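In what follows, every chain begins at residue 1, and chains take the letters A, B, ... in the order their sequences are listed. Treat the numbers as computed from the prediction; the structure is a model and nothing was measured.
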2 protein chains.
Amino acid sequence: MEQPAPVSPAFIATDHNHDHCVSLALQTAEAICRERGQRLTTLRRKVLELVWANHRPVGAYGLLEMLRDESGQVAPATVYRALDFLQEQGLVHRLASLNAFIGCAFPGAAHTGQFLICTSCQELAELDDRQITEALRASADASGFTISHTTVEVLGLCPHCRKGRA
Amino acid sequence: MEQPAPVSPAFIATDHNHDHCVSLALQTAEAICRERGQRLTTLRRKVLELVWANHRPVGAYGLLEMLRDESGQVAPATVYRALDFLQEQGLVHRLASLNAFIGCAFPGAAHTGQFLICTSCQELAELDDRQITEALRASADASGFTISHTTVEVLGLCPHCRKGRA
DNA sequence: CTTGCTTTTGCAACAATATAACATAATACT
DNA sequence: AGTATTATGTTATATTGTTGCAAAAGCAAG
């Protein structure tokens, strides 16, 4: 599959139509799972929908709360298992520095996950920057190191919040 | 202060003299704290020593165990506070992807913390790679994003373990 | 379509990581 | 020495994530 345009571009539309990007993400997920013979069950779909609806990094226990609001009692393991599945399918990323989850902006594409995270408004941009990827690969190569997974999470201020503080 | 040689180079000496690098790290830490008018107390020094003695990422509760072996009952907060101090002074890094801590290889130098972590032997190399730093800065600039902190943690196989698996 | 197999979910307990709040002790300053 | 500041002790609790087993749902062969 070729690299598609990101589902959500970097720090552009703060007040865009969330419903649209949620349903687009769900459609894409359906297609990807169908193609791979994976089962996007009601629960998994629901969790993915909640992740996208928030449109910001959400903690597992946050999702748990939201699920409970809709479905009564739900146990942590339920959420974590759904998130595990979604991560395996590359539909959701875990942000190690926040212990939180976010919908993947490049579903179906091979990429490593690079994030700019605003510490003021929690808005996040996912990148797939060739320069960064290459720099990491080159540096690993130089040490004889074989990369299996990279965590790149950059904290700071997004353009909007930067202005607000100037 | 100019960038000094790293205390521990990348994946070179697997069976070097740990005692030496531990004491070197402690000496350096003493000097840095003295220079800054910060207090490297017995406890903080002990925690730093344990971090270095392990020479691999160690969890806070691992350190807690070791402290208890020497000093009887110790509470989590004690360790976390010491680690907080050591991080503030740039003597220790927290690895978000592992919930673990490691002695800083470039104490006293301004740097961002970039790590290659072997998932087989847990050996770790800290980098301060200009290419990576620049790529991150450039990408952030392009999005109008102001960086305050970066997390770069690369998991994979170190040269030794890669051979072992070939 | 039903029997048997696999995958998913429910459920309960628990493990691991981290913080808060307040009291006591040590250190530094004058 | 007396006072202010910083560090540590202590207890409790919050947050995040996992394990193990049983029930249910989906799937596939006959």
Can you identify which nucleotide, out of [options], has its nearest atom closest to the [X] side chain?
X: B:R39; options: C:dG10, D:dT6, D:dG9; answer: D:dT6
X: B:R94; options: C:dT17, D:dG9, D:dG17; answer: C:dT17
X: A:P76; options: D:dG17, D:dC21, C:dT8; answer: D:dG17

Are A:Y61 and D:dT16 stacked, counting the six-membered base ring, centres under 5.5 Å, planes under 30°?
-> yes

Do any N or O atoms from the side chain of A:T28 and from the backbone of A:L24 form a donor-acceptor pair under 3.5 angstrom?
-> yes

Return yes if some donor-acceptor pair links the side-chain N/O of A:E49 with the main-chain N/O of A:L26 below 3.5 Å, else return no.
-> no

What integer distance in Å separates [X]:[atom1] from [N]:[atom2]?
X: B:D84; N: C:dT17; atom1: CG; atom2: P; answer: 16 Å
X: B:E65; N: C:dA16; atom1: CD; atom2: C1'; answer: 12 Å
X: B:L98; N: D:dT16; atom1: CG; atom2: P; answer: 19 Å
X: A:L40; N: C:dT7; atom1: CG; atom2: P; answer: 17 Å
X: B:L43; N: D:dT10; atom1: CG; atom2: C1'; answer: 14 Å
X: A:F85; N: D:dT18; atom1: CZ; atom2: C1'; answer: 20 Å
X: A:R45; N: C:dT8; atom1: CZ; atom2: P; answer: 17 Å
X: A:R81; N: C:dA12; atom1: CZ; atom2: P; answer: 13 Å

Do you see a donor-acceptor pair shorter than 3.5 Å between the side chains of B:E126 and B:H111?
-> yes

Identify, between B:T42 and B:A75, the residue whose nearest nucleotide on DNA chain D lies closer to the 5' end.
-> B:T42

Contacts of B:Q38 and B:Q73 projected onto DNA chain D by closest heavy atom; the upstream (5') one is B:Q38

Determine the contact category for [X]: base if any of its heavy atoms lies under 4.0 Å from a base atom, sugar-phosphate if only primed atoms, P, OP1 or OP2 are that close, otherwise nothing.
X: B:R44; value: sugar-phosphate
X: A:T78; value: sugar-phosphate
X: A:A77; value: base

Looking at A:L64 and A:V74, what are the two nearest heavy atoms and their distance?
-> CD1-O, 3.5 Å

May I ask you to evaluate whether B:N99 reaches the phosphate of D:dT16, defined as a side-chain N or O under 4.0 Å from OP1 or OP2?
-> no

Would you tell me if any nitrogen or oxygen in the side chain of B:Y80 comes within less than 4.0 Å of OP1 or OP2 on C:dT19?
-> no

Should the ring pair A:F101 and A:Y80 be called parallel, tilted or perpendicular, given that the plane angle runs from 0 to 90° and is split at 30 and 60?
-> perpendicular

